[in-house]
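Every chain is numbered from 1 and lettered A, B, ... according to where its sequence line falls, protein lines coming before strand lines. Small disclaimer: the values here were computed from a predicted structure and weren't measured.
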Amino acid sequence: MTEPLNPSAAIVVRSLCKSYGNLMALDDFNLEVERGSIFGLLGPNGAGKTTLIRILTTLMRQSSGEVFIEGLDPASQGLEIRRLIGVVSQENSLDRYITARENLELHARLHGMDARVYRQRIDELLELMGLTGRQHDPSDTFSGGMQRRLVVARALIHQPRVLFLDEPTTGLDPQSRRAVWDYITSIAGSMTIFLTTHYLEEAEQLCDRIAIMDHGRLIALGSTRELKESLVGGTVYQIEFGEEVERYAGLLRGMACVREMAVTGRTVCVELESWECLSEVVSALNGAPVRRISIKERTLEEVFINLTGKGVRE
Amino acid sequence: MILHGSFAIWRRDMLVLRRSILSELVAVLAYPLTIYLAFGVGMQGYIGLVEGVPYSLFIAPGLITMTAVNAAYNESVWSLWFHRRVQFTIESYRVTPITVSEIVLAKILSGFTHGLVKGLVVGLVIFSLTPFRFPLEHLASYLLFLVPGSALFSCAGVICGTVMDKPETIGKVEAVFIMPLIFMSGLFFPLSSYPAAVIPWVRALPTTALFEGARLALVAGSFQYGYLLQVTVTALVVFVAAVWIFRRKLSE
């Protein structure tokens with residue numbers, strides 16, 4: 001019997017599989033995204049992110065499994081789902097032969113919006129995105145950041161309940177990226193946001209929960225803190241010496257509780273078996289010219305690399 | 001099927017056409033007028049009468065029809081290819097609450113409108129610059145051929161723009177399939193020039209029905225229902241095929 005849907009979930013994915021011939025792009029994938037949250041999906045190239053987002057946005061059918069967007073099934077309720085979602089795709093899909101405003105008007109009409117309603121909404125969005133002054137210019141005269149903002153505005157024209165952002169800041173300069181982040185943060189809570197990105201900092205900054213996938217499977221899920229805490233390995237400390245770094249590095253290297261060690265300039269980075277080993281290390285360094293001992297924060301990137309490996313994907 | 005999506009996309013295409021109409025028309029007029037001058041005027045003295053009319057008048061209706069169907073085909077094929085492969089706008093349409101059939105219908109309508117507008121403009125120019133004349137009451141019959149003819153070529157363009165991913169393939173199809181079909185259909189010479197054994201095959205071509213039917217309607221006021229039925233049925237079949245192929249391609 002089919003399990004009832006979680007009423008607070010905007011997106012539910014159950015045992016989702018998608019294959020292209022012999023290639024399994026999604027393999028028994030399960031996921032739930034809470035309504036009103038910002039959810040980040042990470043994964044190396046070819047992990048299956050794009051396939052998943054294409055299925056969620058009704059652009060592709062799954063081979064097996066179930067998907068529900070706001071309780072609706074894409075297989076039979078695609079039109080209804082597309083009324084509720086906004087999509088910012090990886091590609092810049094703006095129409096370069098018409099102006100920024102005309103791009104927005106076209107999509108408002110495709111959503112069946114009334115002209116009186118969409119004219120006002122377009123004015124608001126152009127103002128919000130800082131594009132009012134350029135609204136009558138063709139979109140191909142815009143900078144990359146402006147084009148991206150226009151694509152986001154286009155996805156929001158009909159006030160969607162779920163917004164899919166597929167690598168929304170790829171190729172943007174830091175200022176434009178920050179502007180997109182600020183906007184995403186400003187609308188947080190008013191709609192569910194499903195974000196894929198290669199920028200781990202972006203996921204860390206924006207997302208309430210993050211999923212990491214690889215080879216079509218979900219391999220980790222949680223908040224940034226939970227993912228960092230789940231990282232296998234001991235505690236890492238950075239010890240900065242005033243002098244004789246090599247001598248003290250040698251001393252540390254010989255200690256049983258030191259699992260890994262790296263020397264950078266005057267700083268020795270040691271991974272200890274556990275935090276209890278720190279007192280042993282401090283005793284061993286008694287009298288040494290230690291300037292600073294600090295705990296090294298695990299980064300999401302370390303979690304990501306740890307889970308998906310260092311190898312470059314094609 | 002609610003057609004607000006088709007209308008929105010068609011409206012966008014007409015906006016782009018309106019903005020570029022002058023440059024479009026210069027290009028559209030150049031080709032048939034060059035042919036008219038080279039063949040209709042230049043060769044007139046050598047060819048004399050064809051089926052009882054001067055050669056320049058024999059080819060004029062065909063040139064107008066050719067302009068219309070070529071414009072319909074080109075608009076559909078290149079627009080669809082460009083929006084699908086380069087600009088990704090088809091993808092952006094597909095995440096809005098419209099059906100795939102509405103998208104393909106919009107592109108067919110746009111191609112059809114391009115064909116009709118450009119064909120009529122070329123007709124007007126030929127009418128005003130050359131001695132080619134026809135009774136105005138024949139125009140309605142002629143348009144009855146031009147409408148399904150443009151729709152047929154627009155649907156063919158949608159199919160090519162859907163299945164072909166490389167622009168050079170589109171050019172090759174035009175060179176080895178579309179243009180020969182048009183040229184073999186009695187545009188430049190009467191069908192009686194073909195060997196007797198070939199004539200039934202050439203008559204079976206929908207393009208022959210279109211060009212012959214359109215010319216007879218415009219010049220002689222003779223309305224060939226069989227030809228019109230052939231063009232219309234073919235247009236309907238190709239329309240169904242275009243929608244099916246487009247849906248199938250996008251579901252890949």
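- Remark: the backbone N or O of Asp95(A) is paired with a side-chain donor or acceptor of Asn103(A) at under 3.5 angstrom.
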- Take Ile9(B) and Leu110(A), measure what side chain to side chain contact (heavy atoms under 4.5 Å, CB included) needs, and give me the verdict at the end. CA-CA 8 Å; Ile9(B) 298 169; Leu110(A) 292 173; 3.9 Å; yes

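- Of residues 59-96 of chain B, those residues with a non-hydrogen atom less than 4.5 Å from any non-hydrogen atom of chain A are, in numerical order, Phe82(B), His83(B), Val86(B), Gln87(B), Phe88(B), Thr89(B), Glu91(B), Ser92(B), Tyr93(B), Arg94(B), Val95(B), Thr96(B).
- Side-chain contact check for Glu202(A) and Thr197(A): at least one donor-acceptor pair (N or O, by modelled atom type) lies under 3.5 Å.
- The environment of Arg19(B) atom CZ is dense: over 12 non-hydrogen atoms of other residues, nucleotides or ligands sit within 6.0 angstrom.
- Considering only heavy-atom pairs separated by less than 4.5 Å from chain B, the leading option among His158(A), His107(A), Glu105(A), Glu80(A) is His107(A).
- Heavy-atom distances place the backbone of Leu94(A), and not its side chain, under 4.5 Å from chain B.
- Between Cys207(A) atom SG and Phe194(A) atom CZ the span is 10.0 Å, to the nearest 0.5 Å.
- Relative to the six-membered ring of Tyr183(A), Arg149(A) misses at least one condition, a distance below 6.0 Å or an angle of at most 45° to the axis.
- Heavy atoms closer than 4.5 Å to chain A are found in both the backbone and the side chain of Ile98(B).
- For the residue pair Arg154(A) and Ser93(A), a side-chain donor N or O sits within less than 3.5 Å of a side-chain acceptor on the partner.
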- Apply side chain to side chain contact (heavy atoms under 4.5 Å, CB included) to the pair Leu125(A) and Tyr118(A), showing each step before the final yes or no. CA-CA 10 Å; Leu125(A) 284 168; Tyr118(A) 72 62; over 6 Å; no

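- For chain B, no part of Ser89(A) is nearby; none of its heavy atoms comes within less than 4.5 Å.
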